[in-house]
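Heads up, the thing below is written out as structure tokens.
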Amino acid sequence: LVYARLFLGDLVSVVVVTQLRPNSDTRSQGNGELWFGLGNLDDRQHCIAILGSIKYFTRCIKQCIIQCMEKDEGSVRKAILETAVAAIREATRPEQITVRRIVAAAGVNQNAINYYFGSKENLIREAVRMIIVLHYRERGISPGSSGQGVFGNLVRICDFLFAEPIAARLALSSELAVSGAGESLTSETMAALAGLMRAARPGDSPEETAFRVWMMVAVIHQFLLRPEGSQEWLGKDPAEKGARDGLLARLCDLAGVSGQ
């Protein structure tokens, strides 16, 4: 955009001034009439008025080009994001989701990921956010709505995690890649659960609330990452919704909130 502004700047004005300069062979009036039909260019005020109009016209052209470039940049970013979303939802293993695969499908080069998103981790986080929206929309759940209380939210969270396991695992892997620094879907989930926990147990200290929420999220991560552990230790398969909801109810009871 900077180069576009500098290049276009007064380009038209420069061309016009070059053409309007009088020379030894032809009078300026003749030049003006020959090239532009602008009338008598020996009149200084007339020339100033013409150049003012040209400068306004140049500004309009610059603005149109800048708007087109910005629109094109938005289209490229959207294409990359939508490509990542489609790739994640179609994948059967997290290892299948690579930067090379995404940029090839989107028709851009690898530098575009850092340019538009800052990092692969940021792209994955935004893609998972979009997948969450799509997941709920496909089930007729309004954006921003939540389940009933702590238990209802845990059920909704786990339903998403097991319906979109690749997206869930990639989100966790991206958080591990940056050691949990910066924004994360886990932190956002914990903050939302903490608000519900405070409403359910208003007498708890902030430390107690944080510990209960931490315990719940840690168990959910175990459900997702090591479901065989749940089968081994608890005799329940969290991949089965009935068994999973039962485990979540017991978890809520242990945390001191209603498990229904």
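If you're wondering where the values come from, they're calculated on a predicted model, not measured in any experiment. Side chains included, hydrogens not; waters and symmetry mates left out as well; all remaining heavy atoms used.
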Flag side-chain contact, heavy atom, 4.5 Å: Phe117 against Arg77: yes
So which atom in Ser187 and which in Ser184 form the shortest heavy-atom distance, rounded to 0.1 Å? OG-OG, 2.8 Å
Which residues pass the side-chain contact (heavy atoms from CB on, under 4.5 Å) test with Asp204, sequence neighbours left out? Arg201, Glu208, Thr209, Arg212
Would you call Leu123 and Val99 a side-chain contact if the rule is heavy atoms closer than 4.5 Å? no
With sequence neighbours excluded, tell me which residues meet salt bridge (charged side-chain N to carboxylate O under 4.0 Å, His left out) with Asp159. Lys241, Arg244
Nearest heavy-atom neighbours spanning Val103 and Asn109: CG1-O, 3.7 Å
Tell me, please, which residues at least two apart from Glu95 pass salt bridge (charged side-chain N to carboxylate O under 4.0 Å, His left out). Arg93
Supply the atom-to-atom distance Ser75 OG to Glu82 CD, rounded to the nearest 0.5 angstrom. 10.0 Å
What residues form a side-chain contact (heavy atoms from CB on, under 4.5 Å) with Ala192, not counting sequence neighbours? none
Kindly compute the distance separating CG (Leu170) from CD (Glu164), expressed to the nearest 0.5 Å. 11.0 Å
Just so I know, are the side chains of Leu81 and Tyr116 near enough to count as touching, which here means a heavy-atom distance under 4.5 Å? no
Atom pairs and distances, donor-acceptor, side-chain atoms in residues 219-231, under 3.5 Å, two or more places apart:
none

OG on Ser173 to NZ on Lys120, rounded to 0.5 Å: 8.5 Å
Looking at every heavy atom in both Ala167 and Val128, which two are closest together, and how far apart are they? O-CG2, 3.5 Å
Residues Arg156 and Asn153: side-chain donor-acceptor under 3.5 angstrom: no
Supply the atom-to-atom distance Trp214 CH2 to Thr186 OG1, rounded to the nearest 0.5 angstrom. 9.0 Å
Please list, chain by chain and in numerical order, all residues satisfying side-chain hydrogen bond (donor to acceptor under 3.5 Å, both in side chains) with Glu232, sequence neighbours excluded. none
Residues two or more places apart in sequence or in another chain: which of them pass side-chain contact (heavy atoms from CB on, under 4.5 Å) with Thr98? Arg100, Arg101
In Å, rounded to the nearest 0.5 Å, how long is the span from CD1 of Ile97 to CZ of Arg169? 13.5 Å
Which pair of non-hydrogen atoms, one from Met216 and one from Ala255, has the smallest distance, and what is that distance? CE-CB, 3.3 Å
pair Arg250-Leu254: side-chain heavy atoms closer than 4.5 Å: no
Evaluation steps, side chain to side chain contact (heavy atoms under 4.5 Å, CB included), between Leu185 and Glu175: CA-CA 9 Å; Leu185 295 172; Glu175 292 177 19; 4.1 Å; yes
Could you pull out all residues at least two apart from Glu138 that satisfy salt bridge (charged side-chain N to carboxylate O under 4.0 Å, His left out)? Arg89
Do Val257 and Leu196 come within less than 4.5 Å of each other through their side chains, counting heavy atoms only? no
Are the charged groups of Arg129 and Glu188 less than 4.0 angstrom apart, N to O? yes
Locate the shortest heavy-atom distance separating Ala127 from Val85; write the atom from each residue and the value. O-CG2, 3.6 Å
Once side-chain hydrogen bond (donor to acceptor under 3.5 Å, both in side chains) is applied, do any residues pair with Glu240, and if so which ones, sequence neighbours excluded? none
Distance check, rounded to the nearest 0.5 Å: Ile113 atom CD1 versus Glu121 atom CD? 11.0 Å
Test of understanding: with side-chain contact (heavy atoms from CB on, under 4.5 Å), list the residues that count as partners of Arg139, not counting sequence neighbours. His135, Ile141, Ala163
Which atoms form the tightest heavy-atom contact between Ser119 and Asn114, and what is the distance? CA-OD1, 3.5 Å
Are any of the side-chain heavy atoms of Val108 and Thr83 separated by less than 4.5 Å? no
